[in-house]
Amino acid sequence: MDKNTWIGFLLIAAIIVGFSFLNRPSEEELAERKRVQDSIALVQAQELEAKLISEQIAQQLEAEKAAQAPTQTAEELAQQVLAVYGPFAPAAQGEEGQVVLENSKVRISIDRRGGRIAKAELKEYKAYGDSVNNLCLFQGDESNLNFTLVTNSNRILATQNLYFTEVGQTTDAEGNTTLTMRLNTNMEDCYLDFVYTLPADDYMVGMSIQPRNMQLALAQNMSSVEMQWNQSIPQQEKGRKFEEKYAQLQYMFIGGEVEKLSEMKSDRANESARLKWIAYKDQFFSTVMIAEEAFESTTMESTPLNQHSRYIKEYKTNTTLPLDITGQKSTDLHYYFGPNHYNTLKAYDKDVDKADRLHLNELVPLGWKIVAWINKVLVIPMFDLFSSWGLHIGIVILLMTLVIKLIILPFVFASYKSSAKMRVLKPQLDEINAKYPPEKMQERQQATMALYQKAGVSPMSGCLPMLFQFPVLMAMFWFLPTAIELRGQSLFWADDLSTYDAIITWNTHIPIFGTHLSLFCLLMTIVNIVYTHITMQQQAGGQEMKMMKWMMYLMPLMFLFIFNDYAAGLSYYYFVSLLMTILQTMIFRWAIDDKKVLAQMEANAKKKGSEKKKSSWMERLEQMQREQQRLAREQAKAQQKKMR
């Protein structure tokens, strides 16, 4: 390896070491992390103890009931329960079951054990391949929410092991439903309420933690409560690979900055800064927990699961919420159970002060900054407009393709015209290449630049138009695979445009390619090869272009492997777009005559003012060439001196 390579390796190593040093946790963060881990371990140990005792009590009660000859008095049993649960002894046993709340959009089930939401269904969406059952975000043990309580006797209890009772369920005139689940104690007028509020027509569910004289039952110094929230994300779509790609744990800091954990590997974040919300996100749906105030000292984990599991990710969160145990102030949360639909999520920031905006629309990935901006101001409004006409989704994408083609038409025309100018100069470029062999590369470049200057052609004029249209093309690349409107929509042979349209499948997994062949992707590849052939016929290249031709034909084949797993809607868009591009090229070829272009260029060169001022780009290029020649001459002289 040469000196530059060694320097490069050393710089990379220095950057890695420096980055690790700068990002190591502070002593305060390490202490806080140890405190949280010790607390969790203690909770788990005491939970296990409480569970064992609870099972023992249940077995004892069953045995007494069956034998009709109790081996333990009721008073002894009560004392044992009191020793474990303290003031929460009345909640040690309770009625199993769930209480259901629903509106026009969601149906949620609250489990009496733990008082948590144990099931969430979306009534407007169906499970993949199921036209009957509602889409279920989670149910049963797939999700768990627990709050850690420290009693006045320093016992640590978990709400997930305690039984709540339904106090009341009311519905107001506007259809908003309120349910109160109460955790009772053995003291009068001392309890903890979980109050759920479900609006008549919304995906947002309110949860308010309302203590009542809990200073009598809980530790006096308890001003916050630790919360553990875990959820396994089931596979909801056909294309597991893409669902894994878009499934992420995301969170927002107070102030609006949104971050995320890695979607490709196990990842963990320890945030001492205050968080506004935490989202457990799938490809098209999310469960978001939003704090009215903030989450503090939060640890989050995201773990991808193996291909054989029916779940794709497992998310875990440990955090702290403020809690006023006297009951003078409640601790309020909100859940969002719903689709990752840009306008739906954006609506929650309507008529809201900038500082209080939730920015839930960030859950919809729209690409890099400029690409996301194009999606927000052009692609999404255009998609919504055409969709509002009641058109089939295939027609909507077709119209969008046509509009985009019209928008970038001036840039494409400029690029084609520049290509035509370069093409008609090919004979003169061949003469220059023949006159100056490769060893006289600098003279060849000077002569080539002089020809371009005389003809009024810039080599960059064909690249810049392509650069302008690239962000628009990338906007569609990001938008279509994440558009929930494509989910379940069919077109021709494709029964779901949000996933791949396999026409052939096989059992053996082929690396990169997979276990199927998508028809829209195959059609796109064929049309792309045809377009490449047409384009190569128009290029004004020499021997170098002939050597590069096979690479140009290789690119469409690479796209076949890349897009085989992508949404059929995206492949359909590229297929239609390429067909329009071929038609566009044919029209340009008919409208732009090479002979007329050459005649016009020669006429411009003969005009009195043909020796016009050089462009700044040409001047810089010629200056660079002169500098290269000067350095080459100096190196040649230095070499001659050494030889002497």
Checklist entry - Asn146 side chain to Gln160 main-chain N or O, any donor-acceptor pair under 3.5 Å? => result yes
Item to check | Residues in side-chain hydrogen bond (donor to acceptor under 3.5 Å, both in side chains) contact with Asp353, at least two apart in sequence or another chain | outcome: none
Item to check | Evaluation steps, side-chain contact (heavy atoms from CB on, under 4.5 Å), between Val106 and Tyr335 | outcome: CA-CA 12 Å; Val106 300; Tyr335 283 101; over 6 Å; no
Item to check | Thr319 side-chain N/O to Glu296 backbone N/O, donor-acceptor pair under 3.5 Å | outcome: yes
Item to check | With Glu244 via salt bridge (charged side-chain N to carboxylate O under 4.0 Å, His left out) - residues at least two apart | outcome: Arg240
Item to check | Derivation and outcome, side-chain contact (heavy atoms from CB on, under 4.5 Å), residues Met289 and Trp277 | outcome: CA-CA 6 Å; Met289 186 181 291; Trp277 54 254; over 6 Å; no
Checklist entry - Would the Trp493 and Phe520 ring centres measure less than 6.0 Å apart? => result yes
Item to check | salt bridge (charged side-chain N to carboxylate O under 4.0 Å, His left out) contacts in which one or both residues fall within residues 138-148, not counting sequence neighbours | outcome: Glu142-Arg310
Item to check | Straight-line distance of Leu560 CG to Met555 CE, nearest 0.5 Å | outcome: 13.0 Å
Next on the checklist: I'd like to know if the side chain of Lys123 and the backbone of Asn134 have a donor-acceptor N/O pair within less than 3.5 Å.
Outcome noted: no
Next on the checklist: Run the side-chain contact (heavy atoms from CB on, under 4.5 Å) test on Ile108 and Gln98 for me, step by step, so that the C-alpha distance in whole Å, both residues' side-chain angles and the decisive distance to 0.1 Å come before the verdict.
Outcome noted: CA-CA 10 Å; Ile108 60 173; Gln98 298 177 348; over 6 Å; no
Next on the checklist: Tell me which pairs pass side chain to side chain donor-acceptor pair (under 3.5 Å) where either residue lies in residues 389-405, with sequence neighbours left out.
Outcome noted: Lys405-Ser577, Lys405-Thr581
Item to check | Mutual orientation of the aromatic rings belonging to Phe194 and Tyr196 [parallel < 30°, tilted 30-60°, perpendicular > 60°] | outcome: perpendicular
Checklist outcome for this item: Residues at least two apart in sequence or cross-chain that pass side chain to side chain contact (heavy atoms under 4.5 Å, CB included) with Thr505, listed by chain then number, are Ala502, His516
Checklist entry - If you look at every heavy atom in Phe285 and Asn340, which pair is closest and at what distance? => result N-ND2, 3.1 Å
Item to check | Carboxylate-amine/guanidinium contact Glu121 Arg107, below 4.0 Å | outcome: yes
Checklist entry - Pro304 and Lys313: which non-hydrogen atoms are nearest, and at how many Å? => result CA-CD, 3.7 Å
Next on the checklist: For a side-chain contact (heavy atoms from CB on, under 4.5 Å) check, start with the C-alpha distance between Leu183 and Leu149, then their side-chain angles and the critical distance, and finish with the verdict.
Outcome noted: CA-CA 12 Å; Leu183 180 64; Leu149 304 178; 4.0 Å; yes
Checklist outcome for this item: Correct closest heavy-atom pair for Tyr348 and Asp202 would be OH-OD1, 2.5 Å
Item to check | Counterpart residues, salt bridge (charged side-chain N to carboxylate O under 4.0 Å, His left out), relative to Glu243 (two or more places apart) | outcome: none
Checklist entry - Sequence neighbours excluded, which residues qualify as side chain to side chain contact (heavy atoms under 4.5 Å, CB included) partners of Tyr163? => result Glu96, Arg113
Checklist entry - What residues form a salt bridge (charged side-chain N to carboxylate O under 4.0 Å, His left out) with Asp201, not counting sequence neighbours? => result Lys105
Next on the checklist: If you compare all heavy atoms of Gly338 against all heavy atoms of Leu137, which two are closest, and at what distance to 0.1 Å?
Outcome noted: N-CD1, 4.3 Å
Next on the checklist: Arg116: which residues meet the salt bridge (charged side-chain N to carboxylate O under 4.0 Å, His left out) condition with it, sequence neighbours left out?
Outcome noted: none
Checklist outcome for this item: Quick note, salt bridge (charged side-chain N to carboxylate O under 4.0 Å, His left out) partners involving residues 484-505, not counting sequence neighbours, are Glu237-Arg487
Only distances under 3.5 Å count here; give the side-chain donor-acceptor pairs of residues 359-377 to other protein atoms, sequence neighbours excluded, each with its distance to 0.1 Å.
unit_1: Asn375; atom_1: ND2; unit_2: Leu366; atom_2: O; d: 3.0
unit_1: Asn375; atom_1: ND2; unit_2: Ala475; atom_2: O; d: 3.2

Item to check | Residue pair Ser498 / Phe284: nearest heavy atoms and the distance that separates them | outcome: CB-CZ, 3.7 Å
Item to check | Check: Ile393 and Tyr572 side chains under 4.5 Å, non-hydrogen atoms | outcome: no
Item to check | Phe561, Tyr500, Phe477 screened by ring-ring contact (aromatic ring centres under 6.0 Å, His included) with Tyr566, the one that passes | outcome: Phe477
Checklist entry - Is the backbone of Asn564 close enough, under 3.5 Å, to the side chain of Ser518 for a donor and an acceptor to pair up by distance? => result yes
Next on the checklist: Are more than 12 heavy atoms, taken from residues, nucleotides or ligands other than Tyr128, located less than 6.0 Å from that residue's OH atom?
Outcome noted: yes
Next on the checklist: Are Leu358 and Val288 packed together at the side-chain level, in the sense that at least one heavy-atom pair is separated by less than 4.5 angstrom?
Outcome noted: no
Item to check | Distance-only side-chain donor-acceptor flag, Asp267 / Ser302, under 3.5 Å | outcome: no
Item to check | Any residue meeting side-chain hydrogen bond (donor to acceptor under 3.5 Å, both in side chains) with Tyr280, in chain and number order, not counting sequence neighbours | outcome: Thr317
Item to check | Backbone of Asp332 reached by a side-chain donor or acceptor of Ser330 within 3.5 Å | outcome: no
Checklist entry - Would the Phe559 and Tyr574 ring centres measure less than 6.0 Å apart? => result no
Item to check | Under 3.5 Å: donor-acceptor pair, side chain of Ser388, backbone of Leu385 | outcome: yes
Checklist entry - Has the side chain of Lys276 got a donor or acceptor atom that lies under 3.5 Å from a matching backbone atom of Ile290? => result no
Item to check | Taking every non-hydrogen atom, the tightest pair across Cys136 and Gln139 | outcome: SG-CB, 3.9 Å
Checklist entry - Taking Ser208 for the side chain and Gln210 for the main chain, is one N or O donor matched with an acceptor at less than 3.5 Å? => result no
